[in-house]
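By convention in this document, chain letters (A, B, ...) are assigned in the order of the sequence lines, proteins followed by strands, and residues within each chain are numbered from 1.
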There are 2 protein chains.
Amino acid sequence: MAIADTGGLDAVTMQAVAERLGVTPMALYRHVGTKADLLDGLVELLLTEFPLPPPGLAWQDRLGSLARAVRATAHRHPAVFPLLLKRPATTPGARQVRDEINRGLEGSGVGAGRVAQVERLVSTAILGFVASEVSGRFANHSARQLDDDFALLERMLLGFIEAATQGGRDPTPRP
Amino acid sequence: MAIADTGGLDAVTMQAVAERLGVTPMALYRHVGTKADLLDGLVELLLTEFPLPPPGLAWQDRLGSLARAVRATAHRHPAVFPLLLKRPATTPGARQVRDEINRGLEGSGVGAGRVAQVERLVSTAILGFVASEVSGRFANHSARQLDDDFALLERMLLGFIEAATQGGRDPTPRP
DNA sequence: ACCTGAACACCGTTCAAGT
DNA sequence: ACCTGAACACCGTTCAAGT
């Protein structure tokens, strides 16, 4: 992970990892099946780094703080984060995050039958924005502009979630 | 592009391209500065393949048909599409698409001062979903499920755009 | 102007051999 | 059980040399 953070994903070679460990590249194959496995491990490490929001918050704040935590983690590991687009969220770390989002959505009043689809769209919107950001698509934009964009994205998603509510609760007015 | 479509991005090597052209790898450096330049060319080729929607449609249909055209192009070139996350949309091909979206947004009544930001969020949401799709994140989902998700994404974005046409400094989406 | 041969410094991965 | 030497089939890229 340290190699990826400082040198990018291309710097994560079997030789670089081996050198970091004071060992020859061939020795790694005793501990990891292939280089793809090593990258999978990196992604899982990233996922377990997302801090889950404290309980007791309103669902809006739970989801909002999780979204911002994901973004902060991505900024810390810009090379590894975009790999999330490539793998189904089936690992323990991925499920942990998805379950947290689902709890927030249930708290919002989204019908149980629609939670999975809403979760997919909300996750994908956050993932797409943050992956764009750390991958370089917004290289010409200021940090201030990106913060504004992200705040608007959060509002868009809260509005979407409220609209997906089955009328069991009154939509909460947003500031 | 043909090599990328059939073998993935990893198959796009200088040697593979050279062989396709009946030439040695070194000959390519007469026509392209570096391999990164070659990939840039691939992305630009992809961008110019997006069919722009016919004029005369309502703004909702213009934006919708553009979104679906982008998705169809991504399905045709799944290896190259995700590279869009890595580059600022500053090339002629990218500008062409962005201008088209901006025209749609202006038609919707979004204030001129907010078109750029709304465009960024709408583009990013589509890009994020489609890149996830072609990169493998939804590998466990059926084509039918993904079509449904995409249709819901379109509705979410139309709702967001409509909310952004109402007054106020902050476009707050409403159901 | 365009292409090639030879060469360099890397890659991931294997296999038999060492401790 | 864990590591290494040697080797293989690749990479991108350069440079001088060829036509």
Side-chain angles (χ1 to χ4, degrees), chain A residues 1-48 77-88 90-91 93-94 131 134-137 139, chain B residues 1-48 77-88 90-91 93-94 131 134-137 139:
Chain A
M1 186 66 95
I3 296 171
D5 289 346
T6 65
L9 213 56
D10 290 345
V12 182
T13 67
M14 298 303 268
Q15 358 270 321
V17 173
E19 193 188 11
R20 191 90 165 200
L21 299 173
V23 110
T24 70
M26 301 82 86
L28 301 179
Y29 288 90
R30 203 47 54 170
H31 304 91
V32 83
T34 176
K35 193 193 169 180
D37 287 357
L38 192 151
L39 294 179
D40 281 348
L42 233 40
V43 172
E44 192 64 10
L45 199 60
L46 181 111
L47 284 167
T48 61
H77 307 297
V80 174
F81 187 85
L83 294 181
L84 288 174
L85 291 181
K86 305 197 148 146
R87 6 225 133 194
T90 53
T91 69
V134 300
S135 297
R137 188 161 80 93
Chain B
M1 186 66 95
I3 295 171
D5 290 345
T6 66
L9 214 56
D10 290 346
V12 181
T13 66
M14 298 303 268
Q15 358 269 321
V17 173
E19 192 187 12
R20 191 91 166 202
L21 300 172
V23 109
T24 71
M26 302 81 85
L28 300 180
Y29 289 89
R30 202 47 56 168
H31 303 92
V32 83
T34 177
K35 193 192 170 182
D37 286 357
L38 192 150
L39 294 179
D40 281 346
L42 233 41
V43 171
E44 192 63 10
L45 200 61
L46 180 111
L47 284 167
T48 61
H77 306 298
V80 175
F81 187 84
L83 293 182
L84 287 175
L85 291 182
K86 304 196 152 150
R87 6 223 133 198
T90 53
T91 70
V134 300
S135 297
R137 189 160 81 94

* Under the side-chain contact (heavy atoms from CB on, under 4.5 Å) criterion, do B/Leu38 and B/Val12 qualify, and how do the steps go? -> CA-CA 9 Å; B/Leu38 192 150; B/Val12 181; 4.0 Å; yes
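Rounded to the nearest 0.5 angstrom, B/Leu46 CG and B/Leu83 CG are separated by 8.5 Å. Between B/Gln15 atom CD and B/Thr24 atom OG1 the span is 10.0 Å, to the nearest 0.5 Å. Distance check, rounded to the nearest 0.5 Å: NE2 of B/His31 to CG of B/Leu28 gives 8.5 Å.
Considering all non-hydrogen atoms of both residues, A/Pro88 and B/Gly136 come closest at CD-O, 3.6 Å. Residues B/Ala4 and B/Leu42 come closest through the heavy atom pair CB-CD2, 4.5 Å.
Other residues, nucleotides and ligands contribute at most 12 non-hydrogen atoms within 6.0 Å of the NZ atom of A/Lys86.
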* Using a 4.0 Å heavy-atom cut-off, write out nucleotides 7-17 of chain D from 5' to 3' as B (base contacted by protein), S (sugar-phosphate only) or - (no contact). => ----SBBB---
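Listed by first residue number, the stems of DNA chain D with at least three Watson-Crick or G-U pairs below 3.5 Å are C:4-8 with D:12-16, C:12-16 with D:4-8.
Residue B/Met14 is tested with B/Lys35, B/Met26, B/Glu19 for a side-chain contact (heavy atoms from CB on, under 4.5 Å); the sole match is B/Lys35.
Look at A/His31 and you'll find a side-chain N or O under 4.0 angstrom from OP1 or OP2 of D/dC3.
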